[in-house]
Amino acid sequence: MPRTELLTVVIAAHNEEAALPLLHPRLMKVLDGLDLEASVLYVDDGSRDGTWELLRSFADADPRVGVLRLARNFGKEAALTAGLDQVDADAAVVLDADGQDPPELIPELVARWREGWEVVYGTRMSRDGESWLKRFTAAAFYRVMDRLSDTAVPRDTGDFRLMSRPVLEALRQLRERQRFMKGLFAWVGFRQLAFPYAREPRLAGGSKFNYWRLWNLALEGITSFSTVPLRLATYVGVLTALLAFVWGLWIVVRTLAWGDPVQGWPTMMTVILFLGGLQLVALGIIGEYLGRLYLEAKQRPLYLVAEMRLPAQANPLPHV
Ligand code: UDP
Ligand code: MG
């Protein structure tokens, strides 16, 4: 008889005590209906509300539920990494704790996986309920990423996805501290299938990502997957030098031909301020990369686990 396949659903939760009681029963019902052995691993990403107590009560009630508490809020990317690092299954599904990724779609992801796809990632068909500003900035971000990076980051794609075991093992080899998961997911490759779905509004509570956090995430994405901004500084520098040379020549010629009645205070100020600004921008770009290099060089762990109880697996994977 063939071994039953194992599937683990990984959910990162940060202050989600309002949404989890709505999501959890839905999820368990879906898992009950699957024809494979399924478990859930919740990662509490340093919540300050009752999330951890709630998760523990889920785990007490059902041995298929595992819980992991990080020592503090490490951010969603680290929380997901912590969860995925613990997965010992044939496939893992990543889900948001707020119900925006409907757990009812898991059977379809599993069906695509069984057709031979190694990654099945959800892409949102619509961005209903999001402000025009969020839509516009998201579109702009994907466009910039497309231009700057060799890794094609799929558009309108979040973390909602199923990944097979080889993909999980590949991801585990990427231990960079500056983690831009969308990019890492794309970077590993494998046979990937886009799976369009309607992203639902949050069940309860508010988004943990404001514009400032999204901006920082975008910077993370660009600096992790492209060094084009560094080269851009070089090109701008070369262009400025060329212009300066031509203009300088003109000034010399003009002075020789018509003399030099001292003038040019406005021009001088404009040039000094403009060049000063350009130099600071270039320094800032170098600084972005240098700072990341510094964080990477410290070799700190990606996350710290405070407490962990893994889901019981009736049928563990054979290990060599
Ligand atoms: N999340 C997390 N750590 C954080 C912030 C968010 O684990 O520091 C989780 C959060 O609980 C949710 C998911 O990441 O399950 C997505 O967060 P949110 O819904 O706030 O983001 P949005 O859907 O608005 O992009
Ligand atoms: Mg959400």
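For ligands, and for the atoms within them, numbers begin at 1 and follow the listed sequence. Here the structure is a predicted model, which means the values were calculated and not measured.
- Each of the atoms 19 (O), 22 (P), 23 (O) of ligand 1 lies under 4.0 Å from some heavy atom of Q100.
- By the 3.5 Å distance cut-off applied to N or O atoms, A97 is counted among the residues near ligand 1.
- When non-hydrogen atoms are compared, ligand 1 lies under 4.0 Å from the side chain of D45 (C-beta onward) but not from its backbone.
- When each atom of ligand 1 is checked for a heavy atom of A13 under 4.0 Å away, the hits are 7 (O), 11 (O).
- In terms of distance to the Mg ion (ligand 2), the nearest N, O or S atom of D98 is named OD2.
- Under a 4.0 Å N-O distance rule, the pair E288/R292 qualifies as a salt bridge.
- One side chain, Y142 or K182, offers a donor N or O that lies under 3.5 Å from an acceptor on the other.
- Residues D85 and R175 are paired through a salt bridge, judged by an N-O separation under 4.0 Å between the basic side chain and the carboxylate.
- Heavy-atom separations between E77 and ligand 1 are all 4.0 Å or longer.
- If you look at K76 next to ligand 1, the close heavy atoms, those under 4.0 Å, come from the backbone and the side chain alike.
- Panel note: side chain E17, backbone G50; a donor-acceptor pair is recorded below 3.5 Å.
- Between the side chains of T8 and S39, at least one donor N or O sits under 3.5 Å from an acceptor N or O.
- For the side chain to side chain contact (heavy atoms under 4.5 Å, CB included) with L84, the qualifying choice from V167, V10, L41 is V10, the only one to do so.
- Within ligand 1, counting atoms from 1 as listed, the ones closer than 4.0 Å to a heavy atom of E16 are 10 (C), 11 (O), 12 (C), 15 (O).
- Ring pair H24/F58 is parallel by interplanar angle, where below 30° counts as parallel and above 60° as perpendicular.
- For the residues I11, N73, N15, T51, the heavy atom positioned nearest atom 8 (O) of ligand 1 is part of N73.
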